[in-house]
2 protein chains.
Amino acid sequence: MTTTSRRPTRQRAAVAAALAQSAEFQSAQELHARLREGGDSVGLATVYRNLQSMAADGEIDVVRTEEGEAVYRACSTGHHHHLVCRVCGKAVEIEGPAVETWAAKVSAAHGFSDVEHTVEIVGTCTDCSRVK
Amino acid sequence: MTTTSRRPTRQRAAVAAALAQSAEFQSAQELHARLREGGDSVGLATVYRNLQSMAADGEIDVVRTEEGEAVYRACSTGHHHHLVCRVCGKAVEIEGPAVETWAAKVSAAHGFSDVEHTVEIVGTCTDCSRVK
DNA sequence: GGTGACATGACAATGATTCTCAAATGAAAT
DNA sequence: ATTTCATTTGAGAATCATTGTCATGTCACC
């Protein structure tokens, strides 16, 4: 079902590597720029295509910025949510059994099937609130 | 604090009215088109500006589409979340005390302050899963 | 080594959102 | 009413991420 056979290419590997290099969320544009600088030249469209297919296969995480920009991140493992600092962008991975069950219960109650959910918590982390 | 004094104008009223006309989420573009058709001509930029200020004041709800488009909705009351059908777009307003407390607890545990959270659940509603 | 399908790259095209700035309009004073 | 002045509006240009196009490159297999 999730078997989208793909061909291994230098570009795909480069994108995956660049993504894995940081634990933070990165936009396609940022990744593209980083690749350029690093010498691994990869076309912008290719970066987008690869990120999309990886995301479709659940290999990476996608989230929409407040401004609507898509940001990607190498997903360490399984299903989880994020606690993001609105100032420095630091992201903490969190899990919430409570939320999972709640979401399942609520959607079932309304007759919804094949459900997915997104939970994003944004706030100001200790470091950033200190500085002001 | 939330006292952003604004001037009442025909346009602002028109946008608010158009928004209130439907219980569904609508994009700025859709609202603009609807206003045009209805004879209440309002500039596109103005529609955006008003939606933004209303959203900033918490008078209306904003959510990002899967494609990154911003959609707005007259917010009935207080804080709540949405259960959205991925096929027909039908949205059900839901509340979740469980989620609220969980979010507060988790963010506090990580030292985050001034926290906000977003929870979106998407699935397929009864009607749409029936048709296939 | 040849071949056909899939991947890539450069660039054009799209589409939502924002910016610009002159003209219109509200509010309060006169 | 009229003046005054900050705010709001409108039309269109400008941005900017993302997607489409299509000729060319490359992989897996024969």
Side-chain angles (χ1 to χ4, degrees), chain A residues 2-19 22 24-57 59-73 89 120, chain B residues 2-19 22 24-57 59-73 89 120:
Chain A
T2 322
T3 315
T4 313
S5 76
R6 290 167 306 179
R7 211 154 57 183
T9 67
R10 173 182 71 76
Q11 291 86 342
R12 173 175 293 273
V15 171
L19 202 57
S22 168
E24 306 298 317
F25 281 99
Q26 303 165 78
S27 71
Q29 304 281 349
E30 291 171 340
L31 282 168
H32 177 243
R34 181 161 319 181
L35 285 167
R36 273 276 149 93
E37 294 172 6
D40 283 317
S41 184
V42 177
L44 179 56
T46 302
V47 173
Y48 274 101
R49 279 186 292 241
N50 280 320
L51 287 175
Q52 283 174 351
S53 67
M54 286 176 180
D57 287 4
E59 294 178 13
I60 63 177
D61 247 8
V62 202
V63 166
R64 286 274 172 186
T65 293
E66 190 85 4
E67 298 84 45
E69 190 180 12
V71 286
Y72 306 82
R73 193 177 96 156
E120 287 299 319
Chain B
T2 324
T3 314
T4 316
S5 76
R6 289 167 310 177
R7 212 152 59 180
T9 66
R10 172 182 71 74
Q11 291 85 342
R12 176 176 290 275
V15 171
L19 201 57
S22 167
E24 305 299 318
F25 281 99
Q26 304 164 78
S27 70
Q29 304 279 350
E30 290 172 342
L31 282 168
H32 177 243
R34 182 162 316 179
L35 286 167
R36 272 276 149 92
E37 292 173 6
D40 284 317
S41 183
V42 177
L44 178 57
T46 302
V47 172
Y48 274 100
R49 279 187 292 241
N50 281 320
L51 287 174
Q52 281 174 353
S53 66
M54 287 177 180
D57 288 3
E59 294 178 15
I60 63 177
D61 246 8
V62 202
V63 166
R64 286 275 173 186
T65 294
E66 190 85 4
E67 297 85 45
E69 190 180 13
V71 285
Y72 306 84
R73 192 176 97 157
E120 288 297 320

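Worth knowing before you read on, the calculation uses all heavy atoms, side chains too, and leaves out hydrogens, waters and symmetry mates. Every chain is numbered from 1, with letters handed out A, B, ... down the list of sequences.
Contact check, A/N50 against C/dT8: a side-chain N or O comes under 4.0 Å of OP1 or OP2. Contact annotation: B/Y48 does not reach the phosphate of C/dT18 (side-chain N/O to OP1 or OP2, under 4.0 Å). Within the 4.0 Å cut-off from OP1 or OP2 of C/dA7, not a single side-chain nitrogen or oxygen of A/Q11 is found.
Separating the CD atom in B/E59 from the CG atom in B/L51 is a distance of 11.0 Å, to the nearest 0.5 Å. Expressed to the nearest 0.5 Å, how far CD of A/Q11 lies from OG1 of A/T46 amounts to 6.0 Å.
You'll find the side chain of B/E69 stays beyond 4.5 Å of the side chain of B/F25, heavy atoms only. Looking at B/R64 and A/T65, their side chains never come closer than 4.5 Å, going by heavy atoms from C-beta outward.
Atom CD in A/E69 sits about 14 Å away from atom C1' in C/dA16, given to the nearest Å. Taking atom CZ of B/R12 as the reference point, atom C1' of D/dG10 lies 16 Å away to the nearest angstrom. Between the CD atom of B/Q26 and the P atom of C/dT17 there is a distance of 14 Å, given to the nearest Å. Taking atom CD of residue B/Q52 and atom C1' of nucleotide C/dT18, one finds them 8 Å apart after rounding to whole Å. Here the P atom of nucleotide D/dT18 and the CG atom of A/L51 are 10 Å apart, to the nearest Å. Distance, B/E67 CD to C/dG15 C1': 12 Å, rounded to whole Å. With rounding to whole Å, B/R64 atom CZ is found 13 Å from C/dG15 atom C1'.
Closest to the side chain of B/A45, from the set D/dT18, D/dA11, C/dT17, is D/dA11.
Applying the side-chain contact (heavy atoms from CB on, under 4.5 Å) criterion to A/R12, with sequence neighbours excluded, gives A/R6, A/T9, A/N50, A/S53, A/M54. Here A/S41 pairs with A/R36 under the side-chain contact (heavy atoms from CB on, under 4.5 Å) rule; sequence neighbours left out. Shown here are the side-chain contact (heavy atoms from CB on, under 4.5 Å) partners of A/L35, two or more places apart in sequence or in another chain: A/A14, A/V15, A/A18, A/D40, A/V42, A/V47. Judged as a side-chain contact (heavy atoms from CB on, under 4.5 Å), and not counting sequence neighbours, the contacts of B/E30 are B/Q26, B/S27.
Taking every heavy atom of both residues into account, B/V62 and B/A55 meet most closely at CG2-CB, 3.3 Å. Here the closest non-hydrogen pair linking B/S22 and B/R34 is CB-NH1, 4.2 Å.
Defined by atom type and a distance below 3.5 Å, a donor-acceptor pair is missing between the side-chain atoms of B/Q52 and B/Y72.
In this structure, the helix from C/dG1-D/dC30 to C/dT30-D/dA1 shows an angle of 30° between the axis at its start and the axis at its end, each fitted on 5 base pairs and rounded to 10°.
Near-neighbour residues of DNA chain C inside residues 28-44 of chain A, defined by a heavy atom below 4.0 Å, number-ordered: A/R36, A/S41, A/V42, A/G43.
No hydrogens or angles were tested; on distance alone, a donor-acceptor pair under 3.5 Å links the side chain of B/R49 to the base of D/dG10.
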Every protein N/O lying under 3.5 Å from an N/O of nucleotides 25-30 of chain D:
| from | atom 1 | to | atom 2 | distance (Å) |
| --- | --- | --- | --- | --- |
| D/dC27 | O2 | A/R7 | NH1 | 3.3 |

